[in-house]
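Below: one structure, written as structure tokens.
Residue numbers begin at 1 in each chain, while the letters A, B, ... track the order of the sequences.
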Amino acid sequence: GAGVSQSPSNKVTEKGKDVELRCDPISGHTALYWYRQSLGQGLEFLIYFQGNSAPDKSGLPSDRFSAERTGGSVSTLTIQRTQQEDSAVYLCASSRDPQLNYEQYFGPGTRLTVT
Amino acid sequence: EDQVTQSPEALRLQEGESSSLNCSYTVSGLRGLFWYRQDPGKGPEFLFTLYSAGEEKEKERLKATLTKKESFLHITAPKPEDSATYLCAVRGYGGATNKLIFGTGTLLAVQP
């Protein structure tokens, strides 16, 4: 079946502009996660959705970052007033019921470059 | 604080030369340890989940093992197509989150 999809695959934006990144999880997966991968660093957790609610937003680095999920499916990560340090690959993952410890499946990522 | 350390950072092998990658972890109660493979420009690809010490899982030339403090990914007779970054991650019981804590990975290069 179809895997996790993300769009756009690449985004170049000017410092100070807002950007929206989209994630389509695997059909039927109730849990959705956003991570960030910076050059030379490990994947860094941003936010976790169970259905449309976000029980854990602890990884969002500042109030410029926000995310929402609608219909228990598509999620959008929004970065306002982008800064150069926001440049990274943003990865989305989804899983079946996380209480049963199912593995997370990742999308291809969105490479964000802030100039 | 949950933490994952992977070693070595990079490993170069000749085709057919077996070796092991290490993942050391500290976590407040282990719910699961996960191995992923990541190719350049792509998202991580799931390989294995290990839940308890002593558990082992195999897939083709890869075998993952788990102790109470570390996990090993053994690569037997590797081929050039095994070249990738291998990531280790843990999920603990702390808090309401189901997030994964990742190590920084081991970059494996297998030369023909």
- Query: Is the count of non-hydrogen atoms from other residues, nucleotides or ligands lying under 6.0 Å from E1(B) atom CD greater than 12?
  - Reply: no
- Item | Shared hydrophobic cluster, W34(A) / L60(A) (ILVMFWY, side-chain heavy atoms < 4.5 Å) | yes
- Query: Given that the side chain runs from C-beta out, which part of Q38(B) has a heavy atom under 4.5 Å from chain A: side chain, backbone, both or neither?
  - Reply: side chain
- Hey, quick one: are V27(B) and F72(B) part of the same hydrophobic cluster, counting side-chain heavy atoms closer than 4.5 Å, chains of contacts allowed? no
- Is atom NZ of K79(B) surrounded by more than 12 heavy atoms (other residues, nucleotides or ligands) closer than 6.0 Å? no
- Query: With a 4.5 angstrom heavy-atom cut-off, which part of L43(A) approaches chain B: side chain, backbone, both or neither?
  - Reply: both
- Task: State whether the number of non-hydrogen atoms from other residues, nucleotides or ligands found under 6.0 Å of R64(A) atom CZ is greater than 12.
- Result: yes
- Message: Can you list the residues of residues 23-31 of chain A that sit under 4.5 Å from chain B, counting heavy atoms only?
- Response: none
- Message: Return the CZ to CD distance between R91(B) and E103(A), rounded to the nearest 0.5 Å.
- Response: 9.0 Å
- Message: Heavy-atom count check: over 12 atoms from other residues, nucleotides or ligands less than 6.0 Å from E9(B) CD?
- Response: no
- Is L73(B) reachable from L13(B) through a run of hydrophobic residues whose side-chain heavy atoms are each under 4.5 Å from the next? yes
- Task: Starting at CZ of F102(B), measure out to CD of Q37(A) and round the result to the nearest 0.5 Å.
- Result: 8.5 Å
- Query: Looking at CD of E44(A) and CG of L100(B), how far apart are the two atoms once the value is rounded to the nearest 0.5 Å?
  - Reply: 14.0 Å
- Please report the shortest heavy-atom distance between K99(B) and F45(A), naming the atom on each side. CB-CD1, 3.3 Å
- Message: Given P44(B), which partner from the list Y35(A), F106(A), Y105(A) fulfils the side chain to side chain contact (heavy atoms under 4.5 Å, CB included) test?
- Response: F106(A)
- Item | Cluster overlap L32(A) with Y48(A), hydrophobic side-chain contacts below 4.5 Å | no
- Message: Does any backbone or side-chain atom of L87(B) lie under 4.5 Å from a heavy atom of chain A? Answer side chain, backbone, both or neither.
- Response: side chain
- Query: Which residues in residues 6-14 of chain A have any heavy atom lying under 4.5 Å from a heavy atom of chain B?
  - Reply: none
- Using non-hydrogen atoms and a 4.5 Å limit, figure out which bit of Y36(B) sits close to chain A: side chain, backbone, both or neither. side chain
- Task: Using the rule that two of Ile, Leu, Val, Met, Phe, Trp, Tyr join whenever any of their side-chain heavy atoms come within less than 4.5 Å, decide whether W35(B) and L11(B) are in one cluster.
- Result: yes
